[in-house]
There are 2 protein chains.
Amino acid sequence: MATIRDVAKQAGVSVATVSRVLNSNGYVNNETKKKVDEAIRQLNYKPNAVARSLYKKTSKTIGLIVPDIGNPFFPELARAVEDTAHKKGYNVVFCNTDENVEKEEHYLEVLLQKYVDGVIIASNTLTAQKVKELNIPVVSIDRKITAEIPTVVVKNKQGARKAAGYLKEIGCQRIAHIRGPHHIDNANERVDGYLEEVGSEPWFKQSYITDGNYVMKTAIQATLELLERHPEIDGIFAANDVMAIGAVKAAYQLGKKVPEELAIIGFDGISMAEATTPELTTIAQPIYDMGTAVTDLLVKLIEKKPVENTFLELDVELIERESTRKQKNKGGR
Amino acid sequence: MATIRDVAKQAGVSVATVSRVLNSNGYVNNETKKKVDEAIRQLNYKPNAVARSLYKKTSKTIGLIVPDIGNPFFPELARAVEDTAHKKGYNVVFCNTDENVEKEEHYLEVLLQKYVDGVIIASNTLTAQKVKELNIPVVSIDRKITAEIPTVVVKNKQGARKAAGYLKEIGCQRIAHIRGPHHIDNANERVDGYLEEVGSEPWFKQSYITDGNYVMKTAIQATLELLERHPEIDGIFAANDVMAIGAVKAAYQLGKKVPEELAIIGFDGISMAEATTPELTTIAQPIYDMGTAVTDLLVKLIEKKPVENTFLELDVELIERESTRKQKNKGGR
DNA sequence: ATACTGTGTGTAACCGGTTACACAAGAGAA
DNA sequence: TTCTCTTGTGTAACCGGTTACACACAGTAT
């Protein structure tokens, strides 16, 4: 591999001049520039990014820390992050934490030692204190950590209200909720939204809320038990699409027809929700846009550009598909 | 951030000694080591990975280049790669190429400039020549590039034979194939396997093979046209699960019952195939194992450890689920 | 004639590690 | 006593860029 000194020798100039040509700063005579460019071409010279990083204390790399890329929400997000980062000249190193604090801290340490310029993280275990110690920009996605950390999320409560409200609107009389993990903020917000919409209905019971842990298997089991306990349920709002798909499968097992006897709505808008039969009605997050937005935000923070807003709360959108049906019994009994 | 010189000063020794303690090489007196460790602790010193990289010409980082992380096969693979890399002390930087040659070359260049120690790539556009020029270990996953490049794939042809053979076995009389892109090796191998199994059947027609391009939408359309042209078809082997799911949806649109009137089998074993109704019968690749295997292989090459085999062809496994049914009309008409 | 400004280029320090090499002291062998 | 080997430590060069600073020269203002 040719170095900048080889190029300098070949072009008959100093390394400083070559560096000036490379970075187009300082004064360089046009003739000299031509000679340098020619030498670069001849030697097929590529500047060494590591050496540059060492001096500049920046690496044009960002870290992306997610719980599990196997969770279909995150690949779609990762795709957007990578696309946007690439456009802005950054690489992405990616890390799975499995919601494990030690793994997360370990990764942050390693990333820091490698001079990553910033980090995008989906976490609930991270504290503001630790982030401050990192001394590099950190932005949070999908989950609020603290007010100090720039964040991109969606209107979870509003989305949940939309979901529950929609089920009421299409005529459901008894609406249950399969909730996400108690330690994850967005799960709690979705419960809140559900409660605001149906909590004061005469038929409402606390036992209409059941734990699904954002996982399909758990949700199937939870739905089976729920429907056994409460056969009167005719609508389910699952806090994410994966659980909604689980609910559909459970209904299928019990011979309940979806949407005729049981309407099911999810949350997230992952592409898997379009692959099922019946296709899933869902509250879609603009996942790609969220990825673009956090990355834009992070890069601005890295490059110390002005940021208008460090807390973005994006809108969600109801996408009506086959797992619910509008005409059903409209207007109540 | 404390540097090695700060630590040396604090401990009253030279930087060489600190470095020896850090890397446990050379002779260091036990008392000295204690002093250094204490200084490291006091200053909360973390060695700078970039400086180390510059001298050692290695970064403990590998590149993972895939066409599109949005394709559900790749997150599962990426997860395995990242897990394994992490265990061995490597980070993963990941890149989406969209099968675009320029993007791919650009990424390889950038990765090289950052001293990544090796690359895992799923590509069909890469040439052996280019790989040689990189001068770092490159391993190929999911697709054969050339004989010189170490590769991890599955037995595609054998898997395809299994799929078609299984459909025959359960009593299908007319078996069609939705194939993947013509420029992707594994797609062609799957066609070959299909042909070996049914190509000489009296009923076989070339028009039973249709293009699906590994994409759900395309596959839906292809299936609709296929079943219109050939309503006699009672079995479909799709070259990947995503297309198989598309075929199921198409059948549903046409009112054809799966599996009673039409049996459908996929290929890949992505987790999405378990989420559908009916659940998809498929030829499962050991995706996680493949990721583990390529990463192990790459790390061995990087660390110049002996490698027993640079061409791994893993077995696939038939997973029977609901989109096919064994009892149907067994033993022919 | 003098001072100042803009252009153009080179030298060497610097980023923060690693390690070749030199050197010293003590133990054991000849 | 002298030589050799092992242990232990420090100095400084090195990895390959970037840039502060010095210097030189031409043109222009005073």
Side-chain angles (χ1 to χ4, degrees), chain A residues 1-37 39-40 43-61 89 109-117 135-136, chain B residues 1-37 39-40 43-61 89 109-117 135-136:
Chain A
M1 265 290 176
T3 73
I4 198 172
R5 285 164 233 267
D6 299 329
V7 174
K9 195 176 289 175
Q10 173 91 1
V13 300
S14 75
V15 293
T17 302
V18 179
S19 181
R20 288 188 193 103
V21 172
L22 286 173
N23 301 292
S24 335
N25 54 20
Y27 294 111
V28 180
N29 183 292
N30 220 312
E31 285 307 303
T32 314
K33 177 168 157 35
K34 269 185 206 155
K35 278 193 293 178
V36 172
D37 284 337
I40 288 175
L43 298 172
N44 187 29
Y45 166 75
K46 303 278 186 301
N48 180 320
V50 175
R52 184 174 285 167
S53 280
L54 180 58
Y55 189 90
K56 307 264 265 186
K57 296 182 185 309
T58 167
S59 63
K60 287 286 177 179
T61 303
E109 197 132 287
V110 172
L111 292 176
L112 207 61
Q113 288 176 38
K114 291 197 172 171
Y115 278 155
V116 298
D117 299 334
N135 279 316
I136 56 170
Chain B
M1 263 291 174
T3 73
I4 198 171
R5 284 163 234 268
D6 300 328
V7 175
K9 195 175 289 175
Q10 173 92 1
V13 299
S14 75
V15 293
T17 301
V18 178
S19 181
R20 287 188 195 106
V21 171
L22 287 173
N23 301 290
S24 335
N25 52 23
Y27 294 110
V28 180
N29 183 292
N30 220 310
E31 285 307 304
T32 315
K33 177 169 157 36
K34 268 185 206 156
K35 279 192 294 180
V36 172
D37 284 337
I40 288 175
L43 298 173
N44 188 28
Y45 166 74
K46 302 278 187 298
N48 179 319
V50 175
R52 185 175 283 169
S53 280
L54 180 58
Y55 189 89
K56 306 263 267 186
K57 297 183 184 310
T58 167
S59 62
K60 286 284 174 181
T61 304
E109 198 132 287
V110 172
L111 292 176
L112 206 61
Q113 287 175 40
K114 291 198 172 171
Y115 278 154
V116 299
D117 298 334
N135 278 317
I136 55 170

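Throughout, a chain's letter reflects where its sequence line sits, starting with A, and its residues are numbered from 1.
At its two ends the helix from dA1(C)-dT30(D) to dA30(C)-dT1(D) runs along axes set 60° apart, each axis drawn from five pairs and the angle rounded to 10°.
Atom CG of Asp6(B) is separated from atom P of dC15(C) by 11 Å (rounded to the nearest Å). Tyr27(A) places its OH atom 6 Å from the C1' atom of dT7(C), with the value rounded to the nearest Å. Note: CD (Gln113(A)) to C1' (dC15(C)) measures 16 Å, nearest angstrom. Put simply, NZ on Lys34(A) is 16 Å from C1' on dG8(C), counting in whole angstrom units.
Remark: Leu54(B) CG to Arg52(A) CZ distance equals 13.0 Å, nearest 0.5 Å. Atom CG of Leu111(A) sits about 11.0 Å away from atom CG of Asp117(A), to the nearest 0.5 Å.
The nearest pair of heavy atoms linking Val36(A) to Ala11(A) is CA-CB, 4.0 Å. Contact detail for Lys33(B) and Val28(B): the closest heavy-atom pair is N-CG1, 3.9 Å.
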B/S/- along nucleotides 16-26 of chain D (protein heavy atoms under 4.0 Å) is BBBB-------
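A donor-acceptor pair under 3.5 Å is formed between the side chain of Asn29(B) and the backbone N or O of Glu31(B).
A heavy-atom distance below 4.5 Å is not found between the side chains of Asn48(A) and Thr3(A). Between Lys60(B) and Val110(A) there is no side-chain heavy-atom pair separated by less than 4.5 Å.
Within the nucleic acid shown, Ser53(A) has no heavy atom closer than 4.0 Å to any nucleic acid atom.
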